[in-house]
Peer 1: 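If you scroll down you'll find the structure; I have some questions about it.
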Amino acid sequence: MASRMSSDPRDARELLAFYMAAGVDAMLGEAPVDRMADEPIAVPPAQTDKPPATPREDSAGDGPVREYFQERRRPDPAVQSERKAAPPLPAPDVAATAAREAAKSAATLDDLRALLEGFTGCALRATATRLVFADGNPAARVMFVGEAPGYEEDLSGRPFVGPSGKLLDRMMEAIGLDRASAYIANVVPWRPPGNRTPTPQETAICLPFIRRQIELADPDILVCLGQPSTQTLLGTREGITRTRGRWFKYDTGSREIRALATLHPAYLLRQPLQKRLAWRDFLALKKALAG
Ligand code: URA
């Protein structure tokens, strides 16, 4: 059964919003192709000096397809020269070394945020809308750290403001905390396209920054939300079902503090029955903060 493309502009807007949410950040051609049409639709030839290559057919990755792609995306020579001027991404180990050096040099959280704003070593920065540095009170005794921002966080620049953030707010409220009495950040401060998991290289590049952020905020208690944050910050390979509810020691670089692993609110939204485990963890957190 063939389906026809809708001509309603609202549908087009919804489709574009869906593409953005899914992390699509480039187009392969300017002319739309209705792949659901009964008959092949002729695509007008590109207005370039070169004979256009057929997208994908001659694709070994670089070479002609890449050139074609750049050609089609070059309407404005000023933009193109800006693009050419952009430095190539460094190799991940070089970027991680640069991140370590830069993070060390930050004397305050404001310095660190400014450094991250200008840091080009992580590819995620190019696809994210904005840096998601932190929310809440940096002077708080407790700091929560998640994995990476999602769609709403990317748009607002604040961590945990989407559905899982709303649940986190309710969980904090249940033990008398809010964003004035807690500090919140992520291991990776840029949204991975389509909410994919950050790669180990991306995480390694961002790690010195979150470590320095924890050291500068200097909380008494660190709470790792979910497995990626727990494994990355607490250096364990064990799964979150084994580590949740457990207290770890965390060396901030200046002193040793306590760290608690718990389930990620996004997981709790998918598995509401597990909230009773998270509730136990939050009660333990409340007790520790009172102690
Ligand atoms: N999930 C995270 O780990 N962090 C956020 O900021 C939002 C969702």
Side-chain angles (χ1 to χ4, degrees), residues 109 112 132-150 153 158-189 198 203 206-207 209-272 274-291:
L109 288 168
L112 189 67
V132 179
F133 183 67
D135 198 21
N137 181 356
R141 290 187 58 217
V142 58
M143 177 168 178
F144 292 89
V145 181
E147 180 185 20
E153 289 79 15
R158 291 168 59 215
F160 284 100
V161 294
S164 58
K166 296 208 165 50
L167 177 56
L168 178 62
D169 283 340
R170 292 206 302 278
M171 292 160 74
M172 290 198 301
E173 193 187 336
I175 58 163
L177 293 174
D178 58 18
R179 292 186 187 227
S181 52
Y183 187 52
I184 304 173
N186 283 301
V187 171
V188 171
T203 301
C206 296
L207 184 57
F209 291 112
I210 183 65
R211 278 202 187 289
R212 184 71 177 144
Q213 195 171 352
I214 297 168
E215 183 178 9
L216 290 169
D218 195 25
D220 291 335
I221 296 178
L222 173 69
V223 180
C224 295
L225 297 168
Q227 177 163 301
S229 166
T230 301
Q231 292 190 337
T232 305
L233 293 173
L234 305 183
T236 170
R237 298 314 308 154
E238 282 185 279
I240 192 68
T241 50
R242 295 180 73 83
T243 51
R244 67 135 282 279
R246 254 168 54 194
W247 288 96
F248 291 76
K249 287 183 178 144
Y250 179 84
D251 185 352
T252 67
S254 306
R255 66 177 179 128
E256 197 172 82
I257 61 170
R258 302 177 75 194
L260 178 65
T262 192
L263 301 169
H264 194 289
Y267 171 75
L268 297 175
L269 288 173
R270 293 192 303 273
Q271 303 286 336
Q274 305 303 318
K275 283 183 187 170
R276 65 203 160 87
L277 298 177
W279 176 232
R280 270 191 228 162
D281 302 343
F282 270 61
L283 285 179
L285 172 62
K286 184 181 183 187
K287 197 167 160 202
L289 283 168

Peer 1: Among all residues two or more places apart in sequence or in another chain, which pass the salt bridge (Lys or Arg N to Asp or Glu O under 4.0 Å) test with Arg280?
Peer 2: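 In terms of salt bridge (Lys or Arg N to Asp or Glu O under 4.0 Å), with neighbours along the sequence ignored, Arg280 is linked to no residue.
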Peer 1: For Ala217, which residues count as a side chain to side chain contact (heavy atoms under 4.5 Å, CB included) partner, sequence neighbours excluded?
Peer 2: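 Counting only residues at least two positions away or on another chain, Ala217 forms a side chain to side chain contact (heavy atoms under 4.5 Å, CB included) with Leu109, Met143, Tyr183, Pro219.
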Peer 1: How long is the straight-line distance from CD1 of Ile184 back to CG of Asp169, given to the nearest 0.5 Å?
Peer 2: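 One gets 6.5 Å once the value is rounded to the nearest 0.5 Å.
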Peer 1: Is the backbone of Ile240 close enough, under 3.5 Å, to the side chain of Gln227 for a donor and an acceptor to pair up by distance?
Peer 2: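 Confirmed, Gln227 side chain pairs with Ile240 backbone.
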Peer 1: Kindly write out the residues that satisfy salt bridge (Lys or Arg N to Asp or Glu O under 4.0 Å) with Arg158, not counting sequence neighbours, or none if the list is empty.
Peer 2: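 Listed in chain order: Asp135.
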Peer 1: Closest heavy-atom contact between Gly146 and Ser229?
Peer 2: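 So the two residues come closest at O-CB, 3.8 Å.
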Peer 1: Taking only residues two or more places apart in sequence, or in another chain, which ones meet Arg258 in a salt bridge (Lys or Arg N to Asp or Glu O under 4.0 Å)?
Peer 2: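 So Arg258 forms no salt bridge (Lys or Arg N to Asp or Glu O under 4.0 Å) with any residue.
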Peer 1: side-chain contact (heavy atoms from CB on, under 4.5 Å), that's the test. Do Leu222 and Ile214 meet it? Break it down for me.
Peer 2: CA-CA 8 Å; Leu222 173 69; Ile214 297 168; 4.0 Å; yes
Peer 1: Name the atoms and distances for all side-chain donor-acceptor pairs under 3.5 Å in residues 281-291, with sequence neighbours left out.
Peer 2:
residue	atom	partner	partner atom	Å
Asp281	OD1	Arg244	NE	3.3
Asp281	OD1	Arg244	NH2	2.7
Asp281	OD2	Arg244	NE	3.0
Asp281	OD2	Thr262	OG1	2.6

Peer 1: ring-ring contact (aromatic ring centres under 6.0 Å, His included) with Phe209: which residues, sequence neighbours excluded?
Peer 2: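 Scan of Phe209 (ring-ring contact (aromatic ring centres under 6.0 Å, His included), adjacent residues dropped) gives Phe119.
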Peer 1: Restricting to side chain to side chain contact (heavy atoms under 4.5 Å, CB included), what partner residues turn up for Asp220, sequence neighbours left out?
Peer 2: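 In terms of side chain to side chain contact (heavy atoms under 4.5 Å, CB included), with neighbours along the sequence ignored, Asp220 is linked to Arg141, Arg255.
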Peer 1: Could you pull out the closest heavy-atom pair between Gln213 and Ala134, with the gap in Å?
Peer 2: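 Closest pair (atom of Gln213, atom of Ala134, distance): NE2-CB, 3.5 Å.
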Peer 1: Going from CZ on Arg270 to OG on Ser164, what distance comes out if it is rounded to the nearest 0.5 angstrom?
Peer 2: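 Those atoms lie 9.5 Å apart.
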Peer 1: Donor-acceptor pair, Glu256 side chain versus Lys249 backbone, under 3.5 Å?
Peer 2: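 No, because the side chain of Glu256 does not come within donor-acceptor range (under 3.5 Å) of the backbone of Lys249.
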Peer 1: Would you check if Pro265 and Leu168 make a side-chain contact, meaning some heavy-atom pair closer than 4.5 Å?
Peer 2: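 Answer yes - side chains close enough.
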Peer 1: State, yes or no, whether a side-chain contact exists between Phe248 and Leu233 at a heavy-atom distance under 4.5 Å.
Peer 2: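 When only atoms from C-beta onward are counted, Leu233 and Phe248 do not touch, as no gap falls below 4.5 Å.
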Peer 1: How would you list, by chain and number, every residue that makes a side-chain hydrogen bond (donor to acceptor under 3.5 Å, both in side chains) with Glu215, sequence neighbours excluded?
Peer 2: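 Counting only residues at least two positions away or on another chain, Glu215 forms a side-chain hydrogen bond (donor to acceptor under 3.5 Å, both in side chains) with Arg212, Ser254.
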Peer 1: Nearest 0.5 Å, what's the CZ-SG distance between Arg246 and Cys224?
Peer 2: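 Separation between the atoms: 12.5 Å.
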Peer 1: Mind checking salt bridge (Lys or Arg N to Asp or Glu O under 4.0 Å) for Arg170 and listing every partner two or more places apart, or none if nothing turns up?
Peer 2: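 By the salt bridge (Lys or Arg N to Asp or Glu O under 4.0 Å) rule, Arg170 matches no residue at all.
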Peer 1: I'd like to check the side-chain hydrogen bond (donor to acceptor under 3.5 Å, both in side chains) partners of Arg276; sequence neighbours left out, ordered by chain and number.
Peer 2: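 Arg276 satisfies side-chain hydrogen bond (donor to acceptor under 3.5 Å, both in side chains) with no other residue.
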Peer 1: Backbone N or O of Val188 within a donor-acceptor pair of the Asn186 side chain at under 3.5 Å?
Peer 2: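 Here the side-chain-to-backbone pair does not exist.
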Peer 1: Quick one: are the ring centres of Phe144 and His264 less than 6.0 Å apart?
Peer 2: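 Ring-ring flag for Phe144/His264: false, centres at least 6.0 Å apart.
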Peer 1: Ser181: what forms a side chain to side chain contact (heavy atoms under 4.5 Å, CB included) with it, not counting sequence neighbours?
Peer 2: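 So Ser181 forms a side chain to side chain contact (heavy atoms under 4.5 Å, CB included) with Leu177, Asp178.
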Peer 1: Using the side chain to side chain contact (heavy atoms under 4.5 Å, CB included) criterion, which residues pair with Pro228? Sequence neighbours excluded.
Peer 2: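 Partners of Pro228 by the side chain to side chain contact (heavy atoms under 4.5 Å, CB included) criterion, ordered by chain and then number, come out as Glu147.
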Peer 1: Are the side chain of Gln274 and the backbone N or O of Gln271 linked by a donor-acceptor pair below 3.5 Å?
Peer 2: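 Checking the backbone N and O of Gln271 against the side chain of Gln274, no donor-acceptor pair under 3.5 Å is found.
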Peer 1: Would you say Glu173 has more than 12 foreign heavy atoms packed within less than 6.0 Å of its CD?
Peer 2: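 Count not over threshold, so no.
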